[in-house]
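The structure that follows is given in the form of structure tokens.
Quick note on labels: first sequence line is chain A, next is B, and so on, each numbered from 1.
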Amino acid sequence: MTGKHRSGTPDVLQVRDLACRRGPALLFSGLGFEVAGGELLCVRGPNGCGKTTLLRCVTGLTRPDEGTILWHGEPSHVDPERMRAGMAYAGHLPSLKDDLTAEENLEFSLRLRGAATTPGERREALAAVGLDKRRRIPSRRLSAGQRRRIGLARLALDPAELWILDEPLTALDDAGQALFTELLDRHLAAGGLALAATHHRLAPASGVVRELRLA
Amino acid sequence: MTGKHRSGTPDVLQVRDLACRRGPALLFSGLGFEVAGGELLCVRGPNGCGKTTLLRCVTGLTRPDEGTILWHGEPSHVDPERMRAGMAYAGHLPSLKDDLTAEENLEFSLRLRGAATTPGERREALAAVGLDKRRRIPSRRLSAGQRRRIGLARLALDPAELWILDEPLTALDDAGQALFTELLDRHLAAGGLALAATHHRLAPASGVVRELRLA
Amino acid sequence: MYWSSWSDFRAMGGHAFFVWMSYGALLLAVVVEMLLLRARRKRALAAIEEERDLETEN
Amino acid sequence: MNWFYFSSPSTFYGLAGRLAPWCFVSAAVLAAWGLYLGLLVAPTDAQQGEVYRVIFIHVPTAWMSMFLYFIMACYCGLTLVFNTRLSAMMARAIAPTGAMFTFVALWTGSFWGRPTWGTYWVWDARLTSELVLLFLYFGYIALANAFEDPRRGDRAAALLALIGVVNLPIIYFSVQWWNTLHQGSSVNFKGTSMHVTMLTGMLVMSFAAWMYAIGAALVRVRSIILERERRTQWVRELKAA
Amino acid sequence: MNSVPQAPGSFSGGFAWAMARDLRLAWRHPDEAVLTVAFFVLVASLFPLGIGAEPQLLQRIGPGVIWVGALLAAFLALPGLFAADYADGSLEQMTLSPHPALGWAGGKIAAHWIVSGLPLTLLSPLIGLQYGLTPDTLLVQALSLAIGTPVLSLLGGACAALALGARGGGMLLALLALPLFVPVLIFGAGAAEAQATGLSPAPHLSLLAAALIAALVGLPWAVGAAVRIAVD
Amino acid sequence: MNSVPQAPGSFSGGFAWAMARDLRLAWRHPDEAVLTVAFFVLVASLFPLGIGAEPQLLQRIGPGVIWVGALLAAFLALPGLFAADYADGSLEQMTLSPHPALGWAGGKIAAHWIVSGLPLTLLSPLIGLQYGLTPDTLLVQALSLAIGTPVLSLLGGACAALALGARGGGMLLALLALPLFVPVLIFGAGAAEAQATGLSPAPHLSLLAAALIAALVGLPWAVGAAVRIAVD
Ligand code: HEM
Ligand SMILES: Nc1ncnc2c1ncn2[C@@H]1O[C@H](COP(=O)(O)OP(=O)(O)OP(=O)(O)O)[C@@H](O)[C@H]1O
Ligand SMILES: Nc1ncnc2c1ncn2[C@@H]1O[C@H](COP(=O)(O)OP(=O)(O)OP(=O)(O)O)[C@@H](O)[C@H]1O
Ligand SMILES: [Mg+2]
Ligand SMILES: [Mg+2]
């Protein structure tokens, strides 16, 4: 693991001795790391090295073969709902309903996350990602990048402490990438933490950025 | 349109006066361009400006509101099959069967394109994109990037003169991107032409690269 | 005029039920269609208004 | 007349608005005349008694159910071949009226069938194929409205309508091809075997149905044009005026 | 970014969320509900076609056919219950939400019943008339559907969740769900038949009610578990 | 990169490609074929349950129920015919291939019939035995299915292609396909019934055959056109 010097804050997320095999291959084993508030951990590695698998193990979607995840010092399987309340996951799949508008999609996603937001806030968030004029047409008519931008608005309003992001920059143009970086920056500055798998380079202005290389 | 000076070769693909509206908005109109052998035309523009729509109009999948596409000087609607034989399209959707192996997927895609290849050639192409060991497991078990790499192998063996590519670099790691650039390079050097929509920068060693900016 | 009395006409030679059910159905169908046509026109006009309001709101 | 001028929705909108009232007025006049002939003047039928008077609405509606489908299918063909906007809107405008006539033909037929055949319904070829026609109308309407993008709906539904055209000759000739309970045509190109007043009444009622169908289709196509073009300048100006 | 642990999710929060969302989606496209009913009507009309339309025969097979029609209609609406949410990743998000699975799974199934089972129940008397059933029988028939269709939705929901991501999609679902539907069918059709032949429908109906209670208690939990397996 | 125009695609190339691919996929997952048959068997066994098992009644309704079962099984297999290829972009690639649509559309439907219609036909005599049909009737029944199920596949294929990407999925498909299936059902069930009551099944069978020829001529083309509309 490389990166700047660790900050002094306590580690919110600790991963101990994680191992996962897929088919015949052992993707990783004995993997351990910690992430503290204000830190971003970038998971890097070539295609197929297990980045997505690692992220899903941390969320609890995939059951690892070995290892424990500690959330605020407590194993995540003890009270999974507590960890889920504090964690937002954005995977390969968009989780958008094509028939709902951008506005409705945002509303339902946030309600599912237990986040209370006002219509005004949601509208503002959509405007911030450039979807103000298109917030009332069904999402199926949006372009690939516009659909990803709904995800950005969702992140902006989600109060979760930990963000888990798989390829967050896919399909975004330069302006969209800048938007994302700014969001990430704000999140880290406010003491949040993030775990991201990406082939792009992420450089938020604040926060500690570290890298985890998978073989 | 910007770019290096046009080469002297005749234009294989000519687009005249293309217009397309989506919902209320006119995405583009009066759009015209030519692409000659050995040229790559990159379509650029922010999210939602109509890049995907433009590409699909050129392939014939989407019916434009106005305009003609000339293929080797002949309108494409006169003998659509002729243009289709000379054109390979790789869109947002992978067109992979999750239940078939990489090898089978490659074989069926190429047979559909009317390309005669031997098992040896296909195996070599898969090895070249790093899928030698995984060519016999169902594609659903491949990672996001590995699935895209099957698409690279397909391009490598497709004898089409024109490549139409929508976001070809999505989910590819650095090695994968290099692989793609090399393929593109070979294609252009052999006199092929390509039309690509991307937010990345494409810089093949040979060939003329031009840009088309959509508003 | 073929009929000799009003009640003869209504009785339709004993087949009143079948004849009047048929004519009644046609009448009902036409009336319903006219109402639907009117409702659709009203909805289309209202949609234009709504669209314009949305536009000015932005 | 310049057809291309009127094939633009904005000009057709005005034209349809001017024509529709005249269609309805003539439909009403013709219907009054036809009903007068059919219900008040025409003599009774020797075999069936008074119940035969259903013929004055059964036959016109049955004819219209097939005519309208045929015309709708023609518009659908235009849509698929030339991608014209107005033809698709016309096809959509005709479908509900066609379904209405088909329904009435089925309904009057079965209320006629009870006293004459002793049953409301049999599964003979004529009746079955007419029922399939009703479902083709329903299918057309449902399919046309099942897409986010109305142009997609136009084209998919147009194709369905064209496939369904096979059903028309089956309806029409079923009485000849199979021996059905339903009677064969008595009005054809070789003349007719009917009493003159009956025939006149039936034809007048048919023209009334024609006029009504045209009027209803024109009114409906105006709504469809407004729905489709509600974002265009001319509709805005229209509404402001 | 408050590091105070958030108010955890709740059963009712998840239930209300799922129900509101799915009803909104159904409302956006009333076609789905309309078409369930249309299918029911079509199936119920296919039988006189295949079998012939003698009044006595029809009266005899009426309750059975109506129940089979309702069952198939309920069944056809199943694949859509989770498939879309699975494909677009919404199910992942649900399993990762702070609300317990019991809540949102129950809410989804309730919404599904409102859109598919309820209209069938309300429409059944009309179809019954076609088959010449008496008013009493019609009433019992509707009552049996009112109790039975929620059981179908619950059982079907559990099977749909199990079949998620498995190969063979709809057909696997048929193999799982239909045998489970059979007892419901037998008691449901039995109730109306008992009534038609002058017996008391009460035993059949109370059996159905017992099945409903058991299903309500056990199945939403099973659905949640199956979904969790599916998204792994 | 030969700039010589390529050998254009061919009907037979597309047909063979689609058939080989779809059969390979079906072979990889025999579940689908097995499950179509299982559904058929289940439906045919549901009726005696819903209706009661008097031998005479069963013999009377046997041909009708078997045909209705076959029709529903054929119908249930429809949504899968194009949906997967549509979702993963394969259909786009097919419309962009140099082979004419007639070829691959026909090939896909042929493969579909081999996997769904053929097993039903082969199995029908067994089911017929359950209903106490005579050997002659069983034979006619199987023959009517052999001619009728390809018509169902062709009609259903066209409807499935039209409904691609539409809202209301399976239900819309039901509204489109089932009314078109009705005439096939009437003539198909009619053949076995005529045989059972001592009449000649020939008129029914020849009508079915005529329908098959008409469908073979017109429908693959329609499927190709519908797919082209769907991917737009
Ligand atoms: C639901 C049942 C019925 C349906 C669907 C039906 C359908 C049709 C159709 C489609 C036509 C017009 C086709 C043509 O011109 O040849 C027609 C005409 C006619 N129908 Fe019916 N019909 C039904 C019942 C009856 C009954 C019960 C009668 C009388 C016994 C009847 C008597 C006639 C007559 C006289 C014509 C006019 C034929 C001619 O003169 O050309 N129909 N019917
Ligand atoms: N049916 C429709 N109604 C309204 N707007 C539509 C419809 N279909 C597409 N659009 C709009 O058309 C635009 C063009 O989309 P397209 O997918 O071509 O964009 P793109 O340039 O490929 O964007 P990206 O970089 O995000 O992939 C988008 O803004 C989209 O919102
Ligand atoms: N069931 C399985 N059987 C065999 N191999 C599997 C199975 N599931 C996953 N794999 C392999 O596990 C590896 C990990 O995949 P994963 O999606 O985690 O990679 P990734 O690092 O996210 O790659 P990418 O950058 O391409 O997204 C891949 O090499 C894949 O081929
Ligand atoms: Mg990945
Ligand atoms: Mg795009």
Considering only heavy atoms and a distance below 4.5 Å, find which of A/S143, A/A25, A/G130 pairs most often with chain B.
-> A/S143
Okay, A/T170 and chain B: the region with an atom under 4.5 Å from a heavy atom over there is side chain
With respect to chain A, which residue among B/R149, B/H92, B/R141, B/K51 yields the maximal number of heavy-atom pairs within a distance under 4.5 Å?
-> B/R149
Pair count under 4.5 Å, heavy atoms only, with chain B: among A/A171, A/G23, A/A144, highest is A/A171
Short question: side chain of B/N47, backbone of A/G176 - any donor-acceptor pair under 3.5 Å?
-> no
Would you mind reporting whether B/H199 and A/L172 have side-chain heavy atoms less than 4.5 Å apart?
-> no
Measure A/E167 against the heavy atoms of chain B and call it side chain, backbone, both or neither at under 4.5 Å.
-> side chain
Pairwise distance CG(B/D174) to CZ(A/R44) - rounded to 0.5 angstrom = 8.5 Å
Do other residues, nucleotides or ligands put more than 12 heavy atoms under 6.0 Å from A/R63 CZ?
-> no
Hey, which of B/Q146, B/R147, B/Q177 has the most heavy atom pairs under 4.5 Å with chain A?
-> B/Q146
